[in-house]
Amino acid sequence: AQSVAQPEDQVNVAEGNPLTVKCTYSVSGNPYLFWYVQYPNRGLQFLLKYITGDNLVKGSYGFEAEFNKSQTSFHLKKPSALVSDSALYFCAVPGVTGGGNKLTFGTGTQLKVEL
Amino acid sequence: EPEVTQTPSHQVTQMGQEVILRCVPISNHLYFYWYRQILGQKVEFLVSFYNNEISEKSEIFDDQFSVERPDGSNFTLKIRSTKLEDSAMYFCASSDPGTTSSYNEQFFGPGTRLTVL
């Protein structure tokens with residue numbers, strides 16, 4: 001079964017510092033991977049996805065993610081964190097068929113950016 | 001920018017009562033989904049819907065649950081007889097169909113918080 005793991009429940013970083021939110025995956029076939037963000041009392045917002053091609057994927061709000069096949073990882077990164085980036089981040093993987101398909105989410109990582 | 005909307009934002013009900021959660025997906029999307037998130041836990045898939053029928057459902061989506069697209073814009077989730085453990089945030093999502101070699105992102109609504117007393 002397709003799955004993702006987020007090993008950290010919470011990540012704390014100072015504003016202006018780089019941030020990394022970790023995700024590892026276990027999939028059959030080619031990996032397709034997503035990152036979503038959830039702000040308090042809001043729905044999930046799409047940040048970026050990896051389908052194929054460049055291992056560094058750029059997304060919304062200055063976020064990027066690095067796909068690493070040998071380490072089966074898809075870590076979310078941002079060069080300079082903002083307080084407004086504080087939110088809950090989810091890594092996700094779709095099912096094995098294309099088109100519309102269910103997403104399986106990781107357990108989420110709470111990012112806290114402090115002044 | 002088009003968005004998925006959901007009503008109500010918060011629903012309180014007594015155990016055993018029926019509830020209907022409503023969603024308006026993005027107008028040109030063809031796939032529709034329901035997910036739920038129990039407080040403090042991860043987001044879980046419930047059901048996907050395409051071409052007026054369920055395309056996939058999880059083990060959570062038992063006979064107490066049903067979905068419907070009653071008209072060209074709404075997409076509903078019905079829980080026939082609510083249980084305490086149904087208390088959760090329910091998210092609707094929609095997406096373009098994509099292709100067999102591509103996956104399009106799903107767009108989520110703000111959620112309906114269901115509280116079963």
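Residue numbers begin at 1 in each chain, while the letters A, B, ... track the order of the sequences.
You'll find the side chain of B:Gln106 stays beyond 4.5 Å of the side chain of A:Phe46, heavy atoms only. Under the 4.5 Å side-chain criterion, counting only non-hydrogen atoms from C-beta, A:Lys102 is not in contact with B:Leu46.
You'll find the ring centres of A:Phe105 and B:Phe45 outside the 6.0 Å limit.
Within the 4.5 angstrom heavy-atom criterion, no atom of B:Gln6 approaches chain A. Of the two parts of B:Phe32, neither the backbone nor the side chain holds a non-hydrogen atom closer than 4.5 Å to a non-hydrogen atom of chain A. Neither the backbone nor the side chain of A:Gln6 comes within contact range of chain B; no heavy atoms are under 4.5 Å apart.
Within 6.0 Å of the CD atom in B:Gln64, the count of heavy atoms belonging to other residues, nucleotides or ligands exceeds 12. For B:Lys83, the NZ atom sits in a packed shell: over 12 heavy atoms of surrounding residues, nucleotides or ligands are nearer than 6.0 Å. Around CZ of A:Arg42, the count of heavy atoms belonging to other residues, nucleotides or ligands within 6.0 Å does not exceed 12.
A chain of hydrophobic side-chain contacts below 4.5 Å, direct or via other Ile, Leu, Val, Met, Phe, Trp or Tyr residues, connects B:Met15 to B:Tyr90. Note: the hydrophobic cluster containing B:Ile60 also contains B:Trp34 (ILVMFWY, side chain heavy atoms under 4.5 Å, direct or indirect links). One hydrophobic cluster, built from ILVMFWY side chains closer than 4.5 Å, cannot hold both A:Phe34 and A:Val37; they sit in different ones. In terms of hydrophobic clustering, with Ile, Leu, Val, Met, Phe, Trp and Tyr side chains grouped at heavy-atom distances under 4.5 Å, A:Val27 and A:Trp35 are assigned to a common cluster. Both A:Val11 and A:Leu76 belong to a common hydrophobic cluster when Ile, Leu, Val, Met, Phe, Trp and Tyr are linked at side-chain heavy-atom distances under 4.5 angstrom.
The minimum heavy-atom distance linking B:Lys42 with A:Thr107 is given by the pair CB-CA, 3.8 Å. Heavy-atom minimum distance, A:Phe90 versus B:Val43: CZ-CG2, 4.2 Å. A:Gln38 approaches B:Gln37 most closely through the heavy-atom pair NE2-OE1, 3.1 Å.
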side-chain contact (heavy atoms from CB on, under 4.5 Å) between A:Thr104 and B:Glu44, intermediate numbers included: CA-CA 7 Å; A:Thr104 298; B:Glu44 300 173 290; over 6 Å; no
Residues B:Tyr35, A:Leu44; criterion side-chain contact (heavy atoms from CB on, under 4.5 Å); working and verdict: CA-CA 11 Å; B:Tyr35 293 82; A:Leu44 289 87; over 6 Å; no
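With hydrogens and angles ignored, the 3.5 Å screen pairs no side-chain donor or acceptor of A:Tyr36 with any backbone N or O of B:Phe108.
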